[in-house]
Amino acid sequence: MIEQLKLARRSAGWSQRTLAARIGVDAQTIKRLENGVGSMPTLITVMAALDFRMTGLGPGKTLAEQLHRRRRKRYMSLDEAGLRAGLSRATVASLERGGGTVASFLRLLAVIAPGARRRAVERSYWGQGDKDDRDSRFTPPDFMAHIYSAFGKIALDPCGHHLSPVVAERRILLNEGGDGLVDEWSGTTVFVNPPFSELLKWLRRAYLEWQSGRVKTVICLVPVRTDSAWFHDTLSPDADIYLLRGRVRFIDPRGKGQHTPFSLMILTLGASAKQKSRLATKMPGFWMVRSDATAEAVEDRCPNN
Ligand SMILES: C[S@@+](CC[C@H](N)C(=O)[O-])C[C@H]1O[C@@H](n2cnc3c(N)ncnc32)[C@H](O)[C@@H]1O
C-alpha cells in the first residue's frame with residue numbers, strides 16, 4: 001500500500017517536497033511516511049491530497065470506518081484482530097477512530113484486508129496526448145455566451161488558463177503560481193471547467209467552497225460520470241444537473257476545436273430557479289428532476305431558489 005502511495009505521488013508529477021507543501025508539512029514527514037513511518041492523520045491527509053482511495057476494505061466514508069466495517073465483516077473481535085496483527089486491543093480501536101500509527105495500520109491491514117489496494121484512478125477519456133495537454137481544453141466563447149446570459153458575470157474561474165476565452169473577474173492560473181485546489185475561492189458566481197483527469201478533486205473543492213458560503217453559485221462543466229459513492233452520497237443531494245444534448249467543441253492550446261468523445265453535464269450548486277430556466281432556453285438539454293423529498297431538502301438549504 002505504501003508503494004502504491006509513492007506511485008500515486010509520482011504519477012501526479014509531485015516531488016515529496018511538492019506534496020509536503022500542499023498539505024502543510026515538511027518534506028521529511030513525507031519521506032518517513034513513504035518508509036511506513038508516521039501518524040494515521042498524516043496518512044489520511046496525504047491520501048486525500050492524492051485522491052488515493054482504497055478498495056478491498058469495508059464500506060464507509062472514512063478510512064477508519066472502512067477498517068472497522070471490514071474487521072466486523074470478517075467476524076473478528078478487537079482482541080482477535082489485535083492478537084493476529086501483534087497489536088493491542090486499544091491500538092486496533094484507535095486505528096478504527098482514525099488514530100494510531102502507519103506501522104500498526106499496515107499490520108492490521110495485512111490481517112483483515114490483505115488484498116486491499118488503491119481503487120483504480122479516473123481516466124480523462126480524451127484519448128492520446130500527455131495529461132497536461134488533454135487537461136487543457138478551453139470552453140468555447142459561444143458556449144460561454146449562454147452561461148453569461150443565464151447566470152450573469154463570472155466572478156471566478158479557479159482553473160483558468162491564459163489562453164482560455166472564459167471571461168472572469170478573477171482567474172486562478174497555474175502559470176502565475178496559483179492553485180485552484182488550494183487558494184481561497186471568492187465571488188458570487190464561479191465557473192469551473194476542471195482538468196477532467198482530476199474531476200473528483202475539483203468537484204470536491206467546488207462543493208466545499210460552496211458549502212462554506214464563500215461563493216454563492218458554482219457552475220461546473222463536467223463529463224457525466226456518476227459512479228462514485230461521494231457523488232451519490234454528498235454532492236448529488238445539493239446539486240442540480242443539466243444533461244447536455246450533443247457534445248461541446250472545446251478549443252485546444254493550438255486554437256483547434258475538438259469535440260469531447262464523451263457526454264457532458266452542467267452541474268450547479270446554489271443556482272436560482274430563474275438562472276436554471278434561462279439556461280434551458282439557451283442550450284439543448286434538460287434539468288434532471290429530483291424526487292419531492294430531495295427537492296424539499298435542497299429548498300431548505302438554498303432559500304434563494
Ligand atoms: C479544462 S481546462 C479549462 C480552462 C478554463 N477554465 C476554460 O474553461 O476554458 C483546465 C485548466 O485547469 C488548469 N489547472 C490544472 N490544475 C490546476 C490547479 N491546481 N489550479 C489552477 N488551475 C489548474 C490547467 O492549466 C488547465 O488549463
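In listed order, ligands and their atoms are each counted from 1. FYI, the numbering just counts along the sequence from 1.
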Q) Does CZ belonging to R214 count more than 12 external heavy atoms closer than 6.0 Å? A)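 Count over threshold, so yes.
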Q: Might you confirm whether atom CZ of R247 has over 12 heavy atoms from other residues, nucleotides or ligands at distances under 6.0 Å?
A: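 Yes, CZ of R247 has more than 12 neighbouring heavy atoms, counting only those of other groups under 6.0 Å.
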Q | Qualifying residues under side chain to side chain contact (heavy atoms under 4.5 Å, CB included), relative to V111, sequence neighbours excluded | A |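 Side chain to side chain contact (heavy atoms under 4.5 Å, CB included) check on V111 returns M76, R84, A85.
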Q) So which of T45, L19, V102 actually passes side-chain contact (heavy atoms from CB on, under 4.5 Å) with L33? A)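 Of all the options given, the one that passes is V102.
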Q) For ligand 1, what are the residues with a heavy-atom contact below 4.0 Å? A)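 Heavy-atom contacts below 4.0 Å: D135, S136, R137, F138, T139, D157, P158, C159, G160, H161, S164, V166, I172, L174, D179, G180, F191, N193, P194, P195, W202.
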**Q.** Residue list, ring-ring contact (aromatic ring centres under 6.0 Å, His included) with W287, at least two apart or on another chain
**A.**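 So W287 forms a ring-ring contact (aromatic ring centres under 6.0 Å, His included) with Y242.
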**Q.** Residues that S39 engages under side-chain hydrogen bond (donor to acceptor under 3.5 Å, both in side chains), provided they are two or more places apart
**A.**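 side-chain hydrogen bond (donor to acceptor under 3.5 Å, both in side chains) check on S39 returns T42.
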